[in-house]
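Just below is one structure, and these are the notes that go with it.
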Amino acid sequence: MDHNMLAEMLFPHIQDTPADIEARYPARKLAEGAKVTRFAPSPTGFVHFGGLFPSTVAERLPHQSGGVFYLRIEDTDAKREVEGAAEGLIKTLATYGIRFDEGAILDEEGKISDKGDYGPYKQSMRGPIYQTYAKQLVREGKAYPCFTTEEELDELQQVNKKEEIKNTDWQVEAEKRREEMLARRQFTMEEVKAHLDAGHPFVIRILAEGDAEKKVKFTDLVKGALEFPENDEDFVLLKSDGIPTYHFAHAVDDHLMGTTHVIRGEEWLPSLPKHVQLFSYLGFKLPKYMHIAQIMRLDENGNKKKLSKRDMGANMDDYTRMGYSPEAVCEYVMTLLNSNYEEWHAKNIDKPYTDFPFNIKKMSVSGCLFDFNKLDDVSKNILSRMTAEQVYEKLVAWATLFDPDFAKVLTADREKALTILSIGRGGKKPRKDLCTWADAKPYMGFFYDEYFEIVDPYADFDRETIALVMKKFLETYDPKDEMSAWFDKIKAIASELGFAADMKAYKQNPTAYRGNVADVSSFIRVAVTGKQNAPDLYTVMQILGEETTRARVTKAMMAL
RNA sequence: GGCCCGGUGGUCAAGCGGCUAAGACACCGCCCUUUCACGGCGGUAACACGGGUUCGAUUCCCGUCCGGGUCACCA
């Protein structure tokens, strides 16, 4: 077999040699220790939580080491490509602080264009490059054409049809298929020529010389020492449309683009032997690998499952819609990524998470469950530490998109909104009322007549007493009172009507009273805020002003 | 089924041969308190199982079990 001639027959249009290409992709000039990573999505949908996870790592590492973080679009499967998906991915990533130095990024007009010297960064644009290397492998007898059609393959592969897995004798089937495929390595020039002349499509397969009985040793930066059987599968390098499979594109691109660390989900672990073999065939230096544990969710049987699209909480845009601020999501991701993040954060409370020295060694080896409780806690803390202005701006931005009416109310009187949002804010122990922006309206809506309504019932007392409390309140209420004077008046009303003004006294002998001052307060609170629970009533009244306060109490009293 | 990865409380997790097995979230209780929120204090709750190795295993080795992933001209 003349491999040179075979290569020419298969790739007559490729005249470059690998050396020509190498010359166009010189090694990057970076400082010692600088890491080069990439995020390489296929444009088939939105970013989901499982994708944000590794991409956060991929962003941190180079940006912490003076390296380069680039975006490569793996659009090698035209069938699955979704219009506009790539643009969407980039935008979503950007809101979560994932920004690229290089690659297929958005220009001013919001269109994808290349930035950097190692492009093109869309794999569909790199056909000739892959073909050059494929041709070289054919020339060296390390790859060969395969004319077996997809239909024929389907028949051989019945084993892999998911539903039949349990009923099929895998061992036998797999062996049969393997022999069948191995037989197709044998061909003559004449046969190839006949196929080519007839215009039959072909794929290029690697000629795998691995021995599954032997093991390849390997060290993953997060998983540690690993051992796999050598690859003995003639996997496809180039599809019949001349576009590479993931495996081949990974080897060629990460080599040419100078990736130092390949960061990807652990579902790639099983194909590692293929990649090791490929890099070796191609004479490329193997990059360092980091296989990141997957985020899991609980299925209906209580078992963990890989979090995938469609799952609740998968689509990052859902978090935006739910009103989670990106900072909260990022911080939550950090707590999952590095177990010592929280400890660091406690000591560096005002520093952004980007100041945290991310450490590969601290990464978890096993997959974790997505925990909304934890996210909520992180989120509350972040929101509670923001200034009223920050909260206002972000809240308005969110409401403008998802609750325009509320946005109008908020912007109609900025000062009022700021005053409300300032309640219990600042200082060492701020209130934590807000977890998402969507919590704002239920929390503060009652301050606005547009949203005010009595939603909680009055305590279980006779209506006359409640009305009497309100009447007396109206008689004594003076907005100029200091807080203590104001509350003394409430206490006085309580005593007058047989309620305990002093909680300690009440607790010692509850039967001696009709109730206590807390009950009395709650009558007024419900009248003024519509709710049993609200921030400090005195403060609320100060914000509402005398007129509104009196109007609400009067109305409530009349309604009883 | 083969191959691979993993297995400390409900969740995230410290631990890296000797500890009463941290901490955070959640949950429960108490305190503070006119409600809520905040805060303080306390509590329930874990090394999957069985063999080794060792003076001593959560930690090292093997097996079992359980969970996950993967076995395409998808990535």
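Convention: sequence-line order gives letters A, B, ...; per-chain numbering from 1. Only heavy atoms go into these numbers, but all of them, side chains included; no hydrogens, no water, no symmetry mates. Keep in mind that what you see is a predicted model, and the values were worked out from it rather than measured.
- With a cut-off of 3.5 Å on both Watson-Crick or G-U wobble distances, the partner of B:C55 is given as B:G18.
- For A:Met296 and A:Glu227, each mapped to the nucleotide of RNA chain B holding its nearest heavy atom, the one lying further toward the 5' end belongs to A:Glu227.
- Using a 4.0 Å cut-off, some side-chain N or O of A:Lys239 falls inside it from OP1 or OP2 of B:C74.
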Let me see the working for A:His275 and A:Phe235 under ring-ring contact (aromatic ring centres under 6.0 Å, His included), right down to the final yes or no. CA-CA 11 Å; A:His275 303 155; A:Phe235 61 93; 7.5 Å; no
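- Taken to the nearest 0.5 Å, the CD atom of A:Glu74 stands 12.0 Å off from the CD1 atom of A:Ile243.
- Using atom C1' as the reference point in both B:A48 and B:G67, the two lie 11 Å apart (nearest Å).
- Within 4.0 Å of A:Thr148, counting heavy atoms only, lies at least one base atom of the nucleic acid.
- A salt bridge is absent between A:Arg385 and A:Glu327: the closest approach of a Lys/Arg side-chain nitrogen to an acidic carboxylate oxygen does not fall below 4.0 angstrom.
- B:U64 and B:C25 have their C1' atoms separated by 34 Å, with the value rounded to a whole Å.
- A 3.5 Å limit on both hydrogen-bonding distances identifies no Watson-Crick or G-U partner for B:A46.
- The partner of B:C25, taking Watson-Crick or G-U wobble pairs whose two distances both stay under 3.5 Å, is B:G10.
- Each of A:Asp241 and A:Tyr332 was assigned the nucleotide of RNA chain B with the nearest heavy atom; the assignment lying further toward the 5' end belongs to A:Tyr332.
- As rounded to whole Å, 15 Å separates atom P of B:U70 from atom CD of A:Glu233.
- In this structure, A:Ser364 reaches the sugar-phosphate backbone alone: every heavy-atom distance under 4.0 Å involves primed, P, OP1 or OP2 atoms, never a base.
- Straight-line distance between the P atoms of B:G7 and B:C61: roughly 12 Å, to the nearest whole Å.
- Using the Watson-Crick or G-U wobble rule with both distances under 3.5 Å, B:G2 pairs with B:U70.
- Contact between the side-chain N/O atoms of A:Lys304 and the OP1/OP2 oxygens of B:G6 is not found at any separation under 4.0 Å.
- Ion pairing between a basic and an acidic side chain is recognised when a charged N comes within 4.0 Å of a carboxylate O; A:Arg72 and A:Asp254 show such pairing.
- Pair assignment for B:U35 gives none, since no Watson-Crick or G-U wobble pairing has each distance under 3.5 Å.
- Salt bridge A:Glu180/A:Lys176: absent, no basic N to carboxylate O contact under 4.0 Å.
- For the pair A:Lys223 NZ and B:C5 P, the interatomic distance rounds to 9 Å; values are reported in whole Å.
- Closest approach to the A:Arg80 side chain among B:A13, B:C74, B:C4 is made by B:C74 (side chain taken as heavy atoms from C-beta onward).
- Of the N and O atoms on the side chains of A:Glu266 and A:Gln294, not one donor lies less than 3.5 Å from an acceptor on the other residue.
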What string of B, S and - do you get for nucleotides 34-49 of chain B, 5' to 3', when a contact is any protein heavy atom under 4.0 Å? BBBBSS----------
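- Of the P atoms belonging to B:U11 and B:C19, the separation is 26 Å, rounded to the nearest Å.
- Spacing between atom CG of A:Asp371 and atom P of B:G10 amounts to 14 Å, rounded to whole angstrom units.
- As rounded to the nearest Å, B:A46 and B:A21 have P atoms that lie 12 Å from one another.
- Comparing B:A75, B:A14, B:C4 by their nearest atom to the side chain of A:Phe228 picks out B:C4.
- No hydrogens or angles considered: a donor-acceptor pair under 3.5 Å links the side chains of A:Asp234 and A:Tyr144.
- Rounded to an integer number of Å, the gap from A:Tyr246 OH to B:U70 C1' is 14 Å.
- Distance, A:Leu369 CG to B:A26 P: 16 Å, rounded to whole Å.
- Comparing B:C12, B:U70, B:C5 by their closest approach to the side chain of A:Cys368 singles out B:C12.
- Among the atoms of the strands shown, base atoms are found under 4.0 Å from some heavy atom of A:Thr149.
- Phosphate proximity of B:C74 to A:Ser42: absent, as no side-chain N or O sits under 4.0 Å from OP1 or OP2.
- Here A:Val365 lies in heavy-atom contact (under 4.0 Å) with sugar-phosphate atoms only.
- Here, B:A22 and B:C47 have their P atoms 13 Å apart, quoted to the whole Å.
- Atom NZ in A:Lys274 sits about 14 Å away from atom P in B:C4, given to the nearest Å.
- Look at NZ on A:Lys306: it is 14 Å from P on B:A75, rounded to the nearest Å.
- A:Thr259 and A:Tyr70 share a donor-acceptor pair across their side chains, judged by distance under 3.5 Å alone.
- B:U53 and B:G63: their C1' atoms are spaced 15 Å apart (whole Å).
- Rounded to an integer number of Å, the gap from CH2 of A:Trp344 to P of B:C12 is 24 Å.
- For B:G15, one of the phosphate oxygens OP1 or OP2 lies less than 4.0 angstrom from a side-chain nitrogen or oxygen of A:Lys362.
- Between the side chains of A:Asp371 and A:Tyr332, not a single donor N or O lies within less than 3.5 Å of an accepting N or O.
- Between the side chain of A:Ser240 and the base of B:C73 there is at least one donor-acceptor pair of N/O atoms closer than 3.5 Å.
- Taking a cutoff of 4.0 Å between a charged side-chain nitrogen and a carboxylate oxygen, A:Glu342 and A:Lys374 qualify as a salt bridge.
- Put simply, A:Thr335 has no side-chain N or O that comes within less than 4.0 Å of OP1 or OP2 on B:C12.
- Salt-bridge formation is not detected for the pair A:Arg525/A:Asp456: no Lys NZ or Arg NE/NH1/NH2 atom is positioned less than 4.0 Å from an Asp or Glu carboxylate oxygen.
- For A:Glu266, counting side-chain heavy atoms from C-beta on, the closest listed nucleotide (B:A24, B:C5, B:A75) is B:C5.
- Residue A:Thr245 has no polar side-chain atom (N or O) positioned under 4.0 Å from OP1 or OP2 of B:C74.
- Heavy atoms of A:Glu342 sit under 4.0 angstrom from primed sugar atoms or phosphate atoms, though from no base atom.
- Nucleotides B:C28 and B:G50 have their C1' atoms positioned 36 Å apart, rounded to a whole Å.
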